Number of protein chains: 2
Amino acid sequence: MIQLTETKKSIKPESPADKIIGQLKHLITSGQLKPGDRLPAERVLSEKFGVGRSYVREAILKLEFYGLLRTNPQSGTYVSGLSINVIDNIISDIIKFNKDDFNALIEARYHLEITAVKLAAERRTEEDLAEIKSASEDYENKLLNGADGAVEEDMIFHIKIAKASKNSVVESMILILIPDLIKNIVESKICGENRGKRAVAEHRKVLEAIEKQDVSLAEQAMAAHLDEIWQISKAGFATQHIIKQAEL
Amino acid sequence: MIQLTETKKSIKPESPADKIIGQLKHLITSGQLKPGDRLPAERVLSEKFGVGRSYVREAILKLEFYGLLRTNPQSGTYVSGLSINVIDNIISDIIKFNKDDFNALIEARYHLEITAVKLAAERRTEEDLAEIKSASEDYENKLLNGADGAVEEDMIFHIKIAKASKNSVVESMILILIPDLIKNIVESKICGENRGKRAVAEHRKVLEAIEKQDVSLAEQAMAAHLDEIWQISKAGFATQHIIKQAEL
DNA sequence: ACATAAAAATTGGTTAACCAAATATAGTTT
DNA sequence: AAACTATATTTGGTTAACCAATTTTTATGT
């Protein structure tokens, strides 16, 4: 049955902490709080915003992670020295940061993995190689044993490559995307019958390129591997999207 | 490529929340907590780990951001369905995630910006173009007015390009890196006398490429721009590194 | 007047207590 | 025995209270 009243798709109410972040942003953009200034005490802010101190702390914690605030224990929290313009742009992005955009997720993953595999081919140690090879074999075995999914084993393969890139930032970013990636891929029902075997062959090509430390070959092999996933994902997402709409 | 010896790790004592994350990781890797299971109540965990509930909540919040836990209000918190292997890898990375690795930071930024500028050249609207042009002019004016830094105006230029990429994930990742990037660039004293003028010329080339929607030209122009910063940064960091060591 | 020290106030760090929603349990009815 | 309901319990959500380190103020001595 069709319910028109409940058209809310993943509408998530703004969390209390995000609301505080928005308030702090306003304090800064309106000039009441300048770069380098000390924030009012957490208690003051919590009263000013009419909310518990926990949420103020949560907001501060988040902004600290993004490098916009710096807290000195038992002393105070300070706004970074960045210009108002920069701070404003970053805060705006923090509030609306989500990994729900399917296409953006796949696309970003594509480019990050290309970067990672090139670095990995250049820098991999023998240990890295062994780990990647092991992950590849696990994936093959899982498929041979009849499992039609093995998305996770696939991801382990990619994780090992990311680690071999010797770039902690690139690695972390890939790691951040992986859970949502898996979720979307599984939902898209990407893994078909033939897909597994082709993926195995693709993995082997990537592995060989890394072994030979052939950067451009590694890039090419990974691009081919991800391209296929990308295409299938798009198709799968399209149908999935239609299904979801029908469910309303 | 030159491998700089790892600098003294800024001795950061493991935060209480990170300690909890480590404990939770152990619970999962040891099999006491399986994928899909419900976590013990926050009160139970806080007592079990001998710490306040706040820290348990902070840890859960962090793991939720990374997609490893999912909390149902007033009901319970559940471990994601991801395999233990994947969870283990991601948690390990969360704990040691920091943006302190200078080379990794610059390198990751380089690749992200190349990706962003290619997408921006392809997808930019007229509004995007105007914003980027405006940021570029602001940068030029700041330099003309005698300021020798203008690192922040430079970054605004890059932020606008990231927004024009129409990929929220890529944009967010660039935004996350920017504060640390600025900090390192300023410390490296990159901005010399001639640097400013060259940067202006480089910006213009990037802008032109985006205007013409010439993807490969945009990539080339951005690569040239970032390459120079990269080289100078390395040198600046090397000396800075020596200075810091001397300060001990 | 200035320097120094003691005490009071303020800060973020941490824990405990309270609340409403969700769930499990006991009781009642059929 | 099964199904429904009222009640008690457990849960995460939220706030208030306490703590120790720090900063500011005040008092004191020279």
Side-chain angles (χ1 to χ4, degrees), chain A residues 6 8 10-24 27-28 32-81 95 98, chain B residues 10-24 27-28 32-81 95 98:
Chain A
E6 276 280 349
K8 64 152 189 164
S10 49
I11 287 184
K12 56 171 182 185
E14 200 175 29
S15 94
D18 277 348
K19 238 177 266 187
I20 302 301
I21 291 181
Q23 302 258 32
L24 288 174
L27 279 185
I28 294 175
Q32 299 177 56
L33 215 51
K34 293 187 182 67
D37 279 359
R38 192 177 92 171
L39 258 67
E42 294 178 354
R43 288 168 184 79
V44 177
L45 288 176
S46 74
E47 187 175 354
K48 185 186 185 87
F49 298 147
V51 76
R53 229 183 101 198
S54 310
Y55 296 118
V56 174
R57 299 200 98 236
E58 191 182 330
I60 290 176
L61 212 63
K62 216 167 172 181
L63 292 174
E64 253 184 318
F65 172 78
Y66 282 86
L68 265 28
L69 297 178
R70 188 177 53 87
T71 296
N72 291 14
Q74 259 65 30
S75 170
T77 299
Y78 294 79
V79 181
S80 87
I95 296 176
N98 62 356
Chain B
S10 43
I11 334 146
K12 55 166 186 188
E14 201 174 29
S15 97
D18 277 348
K19 237 177 267 188
I20 302 301
I21 290 181
Q23 303 257 31
L24 288 175
L27 280 185
I28 294 175
Q32 299 177 56
L33 216 50
K34 293 186 183 66
D37 279 359
R38 192 176 92 170
L39 258 66
E42 294 178 354
R43 289 169 182 77
V44 177
L45 288 176
S46 74
E47 187 175 354
K48 184 186 184 86
F49 298 148
V51 76
R53 227 183 103 197
S54 309
Y55 295 118
V56 174
R57 299 200 97 236
E58 191 181 330
I60 290 177
L61 213 63
K62 216 167 170 179
L63 291 175
E64 253 184 317
F65 172 78
Y66 282 87
L68 266 29
L69 297 179
R70 187 176 54 87
T71 295
N72 291 14
Q74 258 66 30
S75 168
T77 299
Y78 295 79
V79 181
S80 88
I95 296 176
N98 62 358

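Residue numbering restarts at 1 for every chain, and letters A, B, ... go by the order of the sequence lines. Note that the structure is a prediction, hence the values are computed from the model and not measured.
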Once you round to the nearest 0.5 Å, how far does CD1 of B:I21 lie from CD1 of B:I60?
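Spacing of CD1 (B:I21) from CD1 (B:I60) equals 10.0 Å.
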Can you tell me how far CZ of A:F49 sits from NZ of A:K19, rounded to the nearest 0.5 angstrom?
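Interatomic distance, A:K19 NZ to A:F49 CZ, rounded to 0.5 Å: 12.5 Å.
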By the definition side chain to side chain contact (heavy atoms under 4.5 Å, CB included), identify the one residue from B:L24, B:I20, B:T77 that meets it with B:L63.
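Among B:L24, B:I20, B:T77, the one meeting side chain to side chain contact (heavy atoms under 4.5 Å, CB included) with B:L63 is B:L24.
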Can you check whether A:I95 reaches A:E14 side chain to side chain, under 4.5 Å on heavy atoms?
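Contact flag for A:I95/A:E14 side chains = yes.
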Step by step, would you call A:V51 with A:Q23 a side chain to side chain contact (heavy atoms under 4.5 Å, CB included)?
CA-CA 12 Å; A:V51 76; A:Q23 302 258 32; over 6 Å; no
DNA chain D contacts among residues 70-80 of chain B, heavy-atom distance under 4.0 Å:
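The stretch gives B:T71, B:N72, B:P73, B:Q74, B:S75, B:G76, B:T77 as the residues lying under 4.0 Å from the strand, ordered by number.
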Checking the side chain of B:E64 only, and the main-chain atoms of B:T71 only, is there a donor and an acceptor separated by less than 3.5 Å?
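Yes, the answer is positive, given that a donor and an acceptor are paired below the 3.5 Å cut-off.
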Considering non-hydrogen atoms only, spot the tightest contact between A:Y55 and A:P16 and give its length.
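Answer, listing the atom of A:Y55 first, then A:P16: CD2-CB, 3.6 Å.
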Can you name the closest pair of heavy atoms from A:G67 and A:S80 and give their distance?
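So the minimum-distance heavy-atom pair works out to O-CB, 3.7 Å.
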Under 4.0 Å from any atom of DNA chain C, heavy atoms only: list the residues of residues 40-53 of chain B that qualify, in numerical order.
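Within this stretch, B:R43, B:V51, B:G52, B:R53 sit under 4.0 Å of the strand.
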Atom pair distance, as rounded to whole Å: CD in B:E58 and P in D:dG12
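Result: 17 Å.
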